[in-house]
Amino acid sequence: MAAQTIPAQPFQQQLLGWYAHNHRPMPWRDTQNPYSIWLAEIMLQQTTVAAVIPYYRRFLAAFPTVQTLAAAPIEQILHLWAGLGYYRRAHLLHKCAQTIAGKHHGHFPSTEAELLQLPGLGPYTAAVIAATAFNQPATVVDGNVERVITRLYTINAPLPKSKPLIRQKAALLSPLQPTTYNLQPRLYANAIMELGATICTPQNPKCLLCPVQQFCAAHAAGNPAAYPVKAAKKALPQRSATAYAITDSSGNLYLRQRPATGLLASLWELPHTGNWEAHQPPAIPLTQQTPAGEITHTFTHFKLTLNLIRATTPHTLPAANAFAPSNLPPLSTLMKKALTRAFTP
DNA sequence: AACTCGGGGTC
DNA sequence: GACCCAGAGTT
């Protein structure tokens, strides 16, 4: 079958006409402030809009400017990020804020190439900030766009090998050249992602409501949900561990901080042993140990079963590891689940 | 090119 | 359960 050609301007006008009347409100769409848009886009990496909104509001309230974020202690940033996942983003967020506040004198660069140099900004984030904060022509490719493009052109090669071809096709439809009408890159970027998120969905796409259905090869073929084709993924290994919820006579809980890199970087946790990680339990005498159930948790690349033991110690916990229940340090969702389970009768 | 890195919504 | 999410950094 000959590769189909989609006329860019009719496609763009159909898409933007639809977007003008159908987009969802999002707090970061009410502004063109690069700081606000950057903050939202870092949070949105592999994270749903609904999950991001409350975190975004709390961050903007705590850190209204890039300077305030740059000057904040990393502990405060981790506290506000806890629960959102992919904690490396929190460290890179801080690093990027300090780069902007210092090297860039408090102002975000406005070109895609300069943005790409900043910590935590890859091809997607650099393009979307250039397009939405600075209204610069840029080809924005996220998971939504990959789905829309592979359907429009029935791209049968599997991801990720097909990424270069997807980008090439996406660029053909993006506002990279001047148009005979005023096509704003800011609106186009939001519109094609909104189409993917609400119409061109992974399952049961709403082709009946699609403003660009007439251009779509997958719709014509009757199998839009078959796209994008992806490489097969392997089964997740199973790991397990036993975690100890140790309290002393004053009710303080023993927690320790994880390393600054790797899984759940810099967050705090219950001490644990087992084949999850090569850790030792703390050398603390325990006067009472009570089995307290187990929880399971699925990470991106393994499944974890965590057996829980509730225990007490006659000693006073080391000050660096002792936390009152009302004043806990940053904890992952896994460890919050573990604590809830350990202390629920 | 393959692997690492969370947690939650959807079906 | 499987899939996906406004992906980036490391090896």
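Each chain gets a letter, A, B and so on, in the order its sequence line appears, and its residues count up from 1.
- At whole-Å resolution of the value, CG in A/Leu93 and C1' in C/dG7 are 15 Å apart.
- Remark: A/Gly262, A/Leu263, A/Leu264 in residues 257-274 of chain A come within less than 4.0 Å of DNA chain B through at least one heavy atom.
- In terms of polar N and O atoms assigned as donor or acceptor, the side chain of A/Arg88 comes within less than 3.5 Å of the base of C/dA8 in a complementary pairing.
- Mapping heavy-atom proximity under 4.0 Å, the span of DNA chain B touched by chain A runs 5' to 3' from B/dC3 to B/dC11.
- Taking the six-membered ring where the residue is Trp, the centroids of A/Phe299 and A/His301 are separated by 6.0 Å or more.
- Heavy atoms of A/Met335 sit nowhere under 4.0 angstrom from any nucleic acid atom.
- The main-chain N or O of A/Thr305 is never found under 3.5 Å from a side-chain atom of A/Asn307 such that the two would form a donor-acceptor pair.
- For residues 185-204 of chain A, proximity to DNA chain B is found at A/Gln203, A/Asn204, defined as any non-hydrogen atom under 4.0 angstrom from a strand atom.
- At a threshold of 4.0 angstrom between heavy atoms, the contacts of A/Lys336 with the nucleic acid are absent.
- In this structure, A/Val52 reaches neither bases nor backbone, as no heavy-atom distance under 4.0 Å exists between it and the strands shown.
- Residues of residues 120-142 of chain A having a heavy atom closer than 4.0 Å to DNA chain B: none are found.
- OP1 or OP2 of C/dC5 has not a single side-chain nitrogen or oxygen of A/Gln46 nearer than 4.0 Å.
- A/Thr300 comes within contact range of at least one nucleobase, with a heavy-atom separation under 4.0 Å.
- For DNA chain B, none of the residues of residues 107-119 of chain A falls under the heavy-atom distance limit of 4.0 Å.
- Ring planes of A/Trp81 and A/Phe59: perpendicular class, angle over 60° (limits at 30 and 60°).
- Using the six-membered ring where Trp is involved, A/Trp276 and A/Phe302 have ring planes that are tilted, between 30° and 60° apart.
- A heavy atom lying under 4.0 Å from DNA chain B marks none of the residues of residues 28-44 of chain A.
- The CZ atom of A/Arg147 sits 8.0 Å away from atom OG1 of A/Thr150, with the distance rounded to the nearest 0.5 Å.
- Along DNA chain C, the nucleotide closest to A/Lys233 and the one closest to A/Leu92 are compared, and the more 5′ of them pairs with A/Lys233.
- Remark: the A/Arg29 side chain and the A/His23 side chain contain no N/O donor-acceptor pair separated by less than 3.5 Å.
- Among A/Glu75, A/Arg88, A/His91, A/Arg258, the single residue meeting the side-chain hydrogen bond (donor to acceptor under 3.5 Å, both in side chains) criterion with A/Ser266 is A/His91.
- Salt bridge present: A/Glu146 and A/Lys163 bring a charged side-chain N and a carboxylate O closer than 4.0 Å.
- A/Glu146 has its CD atom 15 Å from the C1' atom of C/dC3, to the nearest Å.
- A donor and an acceptor atom, one from each side chain of A/Gln45 and A/Thr125, are located under 3.5 Å apart.
- The 5' end of DNA chain B is approached more closely, in terms of each residue's nearest nucleotide, by A/Pro160 than by the other of A/Phe302 and A/Pro160.
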